[in-house]
Amino acid sequence: MRRPRVILAIAAVVLGTVLYWKGRERQPVPTELSITDGSRVRIECAGISVAPEAAWGLERFDTGEPDPSKPRLCSPKLFRKDATITVLTLPKSADSLSAQADAFLSKLHLEGLRKEELATAAGQRAVHAHGSSPKSNAIAIQIDAFLLLNAEGRLAVVYSTGLEAENVKFVDWFPKTVELLK
């Protein structure tokens, strides 16, 4: 007699939990697409803004609830046929910019990794890193990344993947236009 009650109780708890979480599910937020006109683009979660040349695609998307203890992909993403520029922030660390950059880059396992420290036009210290992903099916993806500390002290990683000609343009304009948000 006790066994059916236990089974019914468990089934009720499971059903109640499923219905509760189903009701809490957020409706997907549609992606918003637009084209840049050369104006500044604010990337709020990274605490920066940039001024890409006109005609980059801009994809705004829902980044979910922020958790300062986890890396976070930032919206918007910039894209063209031959390149994508993506931004993420890492959890705050007491380490120097150089030490945080080294730790992050070591996880990427890039071939031919080169890096240099530089100052942006706005006077912000940054690390520029260049390398390629290990070849997979005879294709290696070139990556150029800029790493800098935002006003909150979080490492912001702005990276471009794509054809070399597009990455060269990114490496040229990014340090000239990046600014910290106030």
Side-chain angles (χ1 to χ4, degrees), residues 17-18 20-97 99-110 120 122 124-131 133 141-162 166-167 169-171 173-182:
T17 303
V18 168
Y20 171 76
W21 283 110
K22 197 158 188 77
R24 286 184 44 108
E25 285 180 8
R26 294 184 329 157
Q27 294 299 318
V29 176
T31 299
E32 176 188 318
L33 300 174
S34 60
I35 303 295
T36 61
D37 62 4
S39 300
R40 292 202 78 72
V41 174
R42 294 174 64 90
I43 306 170
E44 299 287 341
C45 90
I48 63 171
S49 69
V50 294
E53 59 190 26
W56 277 88
L58 198 62
E59 179 183 359
R60 295 189 187 282
F61 53 91
D62 182 14
T63 60
E65 290 297 317
D67 181 347
S69 67
K70 294 183 180 176
R72 183 175 183 203
L73 189 62
C74 297
S75 175
K77 173 176 72 173
L78 293 133
F79 63 93
R80 281 190 173 174
K81 178 181 177 191
D82 298 326
T84 300
I85 298 172
T86 309
V87 182
L88 64 101
T89 58
L90 301 181
K92 190 172 180 175
S93 169
D95 291 341
S96 69
L97 169 62
Q100 289 186 61
D102 288 344
F104 177 79
L105 293 168
S106 71
K107 294 175 184 174
L108 298 181
H109 306 290
L110 297 175
T120 67
Q124 181 70 30
R125 284 186 49 232
V127 172
H128 170 235
H130 170 84
S133 66
I141 298 172
Q142 181 176 323
I143 298 171
D144 274 282
F146 285 94
L147 303 94
L148 57 134
L149 296 177
N150 65 20
E152 296 176 350
R154 293 181 69 175
L155 185 69
V157 181
V158 182
Y159 62 97
S160 175
T161 55
E166 289 297 331
N167 280 13
K169 291 177 188 176
F170 166 70
V171 170
W173 70 256
F174 181 82
K176 291 178 185 174
T177 70
V178 66
E179 293 178 359
L180 295 181
L181 296 177
K182 297 175 171 95

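Note that this is a predicted model, so its numbers are computed, not measured.
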Contact check, side chains of V127 and L148, non-hydrogen atoms, under 4.5 Å: no

Test item: D95 side-chain N/O and A99 main-chain N/O as donor-acceptor pair under 3.5 Å: no

Any residue meeting side chain to side chain donor-acceptor pair (under 3.5 Å) with Q124, in chain and number order, not counting sequence neighbours: none

Closest non-hydrogen atom pair, G38 against A51: O-CB, 4.1 Å

Beyond-backbone contact of V41 with P76, side-chain heavy atoms, under 4.5 angstrom: yes

T31 and R60: side chain donor to acceptor below 3.5 Å: no

Heavy-atom side-chain contact between L58 and L78 under 4.5 Å: yes

Non-hydrogen atoms of L147 and A129 that approach each other most closely: CD1-CB, 4.5 Å

Full working for side-chain contact (heavy atoms from CB on, under 4.5 Å) between L155 and T89: CA-CA 6 Å; L155 185 69; T89 58; over 6 Å; no

Steps toward side-chain contact (heavy atoms from CB on, under 4.5 Å) verdict (V50, F174): CA-CA 7 Å; V50 294; F174 181 82; 3.6 Å; yes

OG-CG distance between S75 and D62, expressed to the nearest 0.5 angstrom: 8.5 Å

CG-CG distance between L88 and L73, expressed to the nearest 0.5 angstrom: 6.5 Å

Check: V178 and V158 side chains under 4.5 Å, non-hydrogen atoms: no

Ring geometry between F170 and W173 (parallel below 30°, tilted from 30 to 60°, perpendicular above 60°): perpendicular

Reported NZ-to-OG distance for the pair K92 and S69, which is rounded to 0.5 angstrom: 14.0 Å

Heavy-atom pair of closest approach, residues A151 and L181: CB-O, 4.3 Å

Pairs touching residues 43-95 that satisfy disulfide (SG to SG under 2.5 Å), sequence neighbours left out: C45-C74

For the student: nearest non-hydrogen atoms of F104 and V157, plus distance: CE2-CG1, 3.7 Å

Closest non-hydrogen atom pair between A54 and D37, with its separation: CB-C, 3.8 Å

Nearest-0.5 Å distance, OG1 of residue T84 to CD of residue E166: 10.0 Å

Residues L149, Q100; criterion side-chain contact (heavy atoms from CB on, under 4.5 Å); working and verdict: CA-CA 9 Å; L149 296 177; Q100 289 186 61; 3.7 Å; yes

Flag side-chain contact, heavy atom, 4.5 Å: F146 against V171: yes

Partner set under salt bridge (Lys or Arg N to Asp or Glu O under 4.0 Å) for E59, not counting sequence neighbours: K77

Of all pairs that satisfy side-chain hydrogen bond (donor to acceptor under 3.5 Å, both in side chains), the ones with a partner from residues 48-58, not counting sequence neighbours: R40-S49, E53-R80

Approximate separation, where rounding is to 0.5 Å, of T161 OG1 and I143 CD1: 7.0 Å

Listed partners of H128 passing side chain to side chain donor-acceptor pair (under 3.5 Å), at least two apart: E116, D144

Partners meeting side chain to side chain donor-acceptor pair (under 3.5 Å) with K176 (sequence neighbours left out): D172

Distance-minimising heavy-atom pair for P71 and P91: N-CD, 3.9 Å

Between CG on residue N150 and CD1 on residue I43, distance to nearest 0.5 Å: 11.5 Å

Check: T63 and R72 side chains under 4.5 Å, non-hydrogen atoms: yes

